Amino acid sequence: MRICLSFLMILGVIYPLWAQQVDYSIVSVQEESGIEFTPITSASDYVCMPIVRRSSMSLDWLSNRILDISRDGTHIAYLSCRNNTTNIFIKELNKKGGAVQRTNRSDVYDFSYSPDGKYICFSEQRGNENQIFQTSASNGYVCRQLTSGNRDFSPVYSLDMNMLLFTRQENRGASIWSYNVKNNFLSSYSAGMNPCPVKGESAYFCVRANSSGKSEIWKINYESGVETCIVSDPSRNFTSPILSPDGRWLLFVGESAIQGSGFTYRNTDLFVCHVDGTGFAQLTYHAADDLSPVWSKDGRFIYFISQRGSADGTANIWKMNFNY
């Protein structure tokens with residue numbers, strides 16, 4: 001998959017004429033029987049949808065995390081575009097009502113909660129650069145800038161909060177770096193993007209492009225140097241790995257193809273496997289693009305962004321049960 005920085009869009013993507021042969025307005029399809037899909041937001045929440053670029057032969061999408069759950073599992077944070085700015089908003093999951101704006105920036109690009117729930121780390125796009133910041137998860141707009149002068153994004157704390165993993169885009173490609181919280185040191189680890197810390201190990205999952213340009217999911221142990229390919233398919237891409245709360249399952253986004261009368265429509269769906277790559281399973285099959293998935297804190301549900309249920313392609317946050 002081509003690695004690039006792309007702006008987010010509110011209403012999804014601009015569809016080619018042949019894409020109109022599929023129906024986005026339905027909530028679920030036959031292959032998703034047994035799964036209950038519940039909308040968490042509405043059009044008035046202005047949920048950002050990651051850009052998806054599609055053609056008859058290829059599919060490319062923004063794989064960064066733009067959805068996350070608070071530590072206590074009661075709130076969901078997402079990106080929303082309002083008044084020509086993109087910021088983090090937080091919505092209470094068990095109550096109807098509006099969302100609270102958490103950042104007051106121009107162009108927040110992606111983000112994640114800290115493991116202790118006290119902070120949100122995010123990247124902001126400024127011209128040709130992306131810089132990483134930290135802010136309180138609950139109070140004020142004060143931000144601490146952590147990186148500068150580069151194209152840094154996909155920040156996520158290690159589970160012990162001693163370092164912040166992130167992706168740095170350079171001329172030679174994307175690589176995983178860390179910011180040491182105690183001494184402010186920066187370290188470079190390996191090629192890849194979308195880092196996801198592994199529970200109980202000095203390791204992370206990440207996404208890498210193979211020699212033919214297809215994105216794979218790898219596990220990198222940054223102490224031993226052992227690198228293991230977890231998910232790979234010569235005909236499609238996989239991105240956005242997210243580890244389940246119990247550390248047993250890996251949730252991620254993958255490429256699918258819907259065959260119709262005289263056309264092939266490529267879209268993104270949700271997949272899971274065990275952390276060793278076994279038990280591979282496709283979870284969603286809708287023609288809409290299902291993206292940016294996160295687990296509920298008890299691992300029983302998955303939240304994600306999709307245009308499903310909307311004839312005009314408006315993005316919303318959806319909740320689905322995990323039956324494995």
Side-chain angles (χ1 to χ4, degrees), residues 1 28 31-32 34-38 40 49-50 52 59 61-71 73 76-78 93 110-113 115 154 156-157 159 165 167 192-201 203-208 215-220 228-233 236-256 267-286 288-306 308 315-324:
M1 174 179 291
S28 62
E31 294 87 346
E32 299 169 335
I35 301 176
E36 181 178 351
F37 293 92
T38 305
I40 301 300
M49 181 76 185
V52 179
L59 190 67
W61 63 89
L62 184 72
S63 59
N64 300 22
R65 186 183 301 188
I66 61 170
L67 194 67
D68 207 0
I69 304 292
S70 63
R71 183 189 180 189
I76 193 163
Y78 63 96
L93 283 170
D110 52 17
F111 70 92
S112 63
Y113 273 101
S154 292
V156 58
Y157 278 98
L159 299 181
L165 295 167
T167 303
M193 61 183 299
N194 301 151
C196 172
V198 178
K199 188 175 184 179
E201 299 182 46
Y204 56 81
F205 295 104
C206 70
V207 174
R208 286 179 170 177
S215 292
E216 304 169 331
I217 296 177
W218 285 69
K219 179 181 177 181
I220 311 297
T228 308
C229 184
I230 303 297
V231 179
S232 177
D233 188 312
R236 53 183 172 174
N237 297 294
F238 297 102
T239 69
S240 315
I242 299 291
L243 190 64
S244 64
D246 62 8
R248 296 176 55 231
W249 291 95
L250 197 61
L251 171 67
F252 49 96
V253 176
E255 183 176 351
S256 294
N267 69 307
T268 59
D269 281 305
L270 305 185
F271 297 77
V272 293
C273 69
H274 294 300
V275 291
D276 62 358
T278 62
F280 179 93
Q282 183 169 343
L283 299 181
T284 64
Y285 293 84
H286 200 286
D289 292 303
D290 299 334
L291 292 158
S292 198
V294 293
W295 296 93
S296 64
K297 292 304 177 182
D298 59 8
R300 297 172 54 208
F301 302 97
I302 293 169
Y303 296 89
F304 62 100
I305 298 175
S306 178
R308 66 172 64 218
N316 275 297
I317 300 170
W318 288 81
K319 175 185 176 181
M320 61 178 282
N321 52 303
F322 181 62
N323 295 326
Y324 289 77

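Predicted model only: the values in this text are computed from it and were never measured. Just so it is clear, the values below take in all heavy atoms, side chains as well, and ignore hydrogens, waters and symmetry mates.
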Atom pair [atom1] ([X]) and [atom2] ([Y]), whose distance is rounded to the nearest 0.5 Å:
X: Ile217; Y: Asp233; atom1: CD1; atom2: CG; result: 11.5 Å
X: Leu67; Y: Ser112; atom1: CG; atom2: OG; result: 11.5 Å
X: Leu283; Y: Asn323; atom1: CG; atom2: CG; result: 9.0 Å
X: Ile230; Y: His274; atom1: CD1; atom2: NE2; result: 12.5 Å
X: Thr284; Y: Trp318; atom1: OG1; atom2: CH2; result: 12.5 Å
X: Ser296; Y: Ile76; atom1: OG; atom2: CD1; result: 10.0 Å

Between the side chain of [X] and the main-chain N/O of [Y], is any donor-acceptor distance below 3.5 Å?
X: Lys199; Y: Pro245; result: yes
X: Ser292; Y: Ile66; result: yes
X: Ser244; Y: Trp249; result: yes
X: Asp110; Y: Arg65; result: no
X: Glu255; Y: Asn237; result: yes

Residue pair Asp269 / Ser256, side-chain donor-acceptor N/O under 3.5 Å
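Per modelled atom types, Asp269 and Ser256 side chains form a pair under 3.5 Å.
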I'd like to know if the side chain of Asn194 pairs up with that of Ser63 as donor and acceptor (distance under 3.5 Å, no hydrogens or angles considered).
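Yes.
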So do [Y] and [X] actually touch side chain to side chain, heavy atoms under 4.5 Å?
X: Lys319; Y: Ile302; answer: no
X: Cys206; Y: Pro241; answer: no
X: Ile317; Y: Tyr78; answer: yes
X: Val207; Y: Glu216; answer: no
X: Cys273; Y: Thr278; answer: no
X: Phe322; Y: Val272; answer: yes
X: Phe304; Y: Phe37; answer: yes
X: Phe205; Y: Leu250; answer: yes

Contact summary for [X] and [Y], nearest pair of heavy atoms:
X: Ala288; Y: Asn267; answer: O-ND2, 3.2 Å
X: Pro115; Y: Tyr157; answer: CD-CB, 3.5 Å
X: Arg208; Y: Gly192; answer: CG-CA, 4.0 Å

Full working for side-chain contact (heavy atoms from CB on, under 4.5 Å) between Leu165 and Tyr204
CA-CA 9 Å; Leu165 295 167; Tyr204 56 81; 4.1 Å; yes
List the residues meeting side chain to side chain donor-acceptor pair (under 3.5 Å) with Arg308, not counting sequence neighbours, and say none if there are none.
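Checked Arg308 against side chain to side chain donor-acceptor pair (under 3.5 Å); matches are Glu32, Asp290.
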Begin with the C-alpha distance, continue with both residues' side-chain angles, and end with the deciding distance and a verdict on side-chain contact (heavy atoms from CB on, under 4.5 Å) for Arg300 and Asn321.
CA-CA 6 Å; Arg300 297 172 54 208; Asn321 52 303; over 6 Å; no
Within 6.0 angstrom of Glu36 CD, more than 12 heavy atoms from elsewhere:
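Not more than 12 within 6.0 Å, no.
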Phe271-Phe238 aromatic ring centre distance below 6.0 Å
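Aromatic pair counts; centres sit under 6.0 Å.
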Does Tyr303 have its ring centroid less than 6.0 Å away from the ring centroid of Trp295?
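Judged by ring-centre distance (under 6.0 Å), Tyr303 and Trp295 do not meet the cut-off.
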Sequence-distant partners of Thr268, side-chain contact (heavy atoms from CB on, under 4.5 Å), two or more places apart
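If we apply the side-chain contact (heavy atoms from CB on, under 4.5 Å) test to Thr268, skipping adjacent residues, the hits are Leu59, Trp61, Val253, Asp289, Leu291.
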Check the pair Ile69 / Lys297 against side-chain contact (heavy atoms from CB on, under 4.5 Å), numbers first and verdict last.
CA-CA 8 Å; Ile69 304 292; Lys297 292 304 177 182; 4.0 Å; yes
Evaluate the criterion side-chain contact (heavy atoms from CB on, under 4.5 Å) for residue pair Leu270 and Met320; output intermediate values, then yes/no.
CA-CA 11 Å; Leu270 305 185; Met320 61 178 282; 4.1 Å; yes
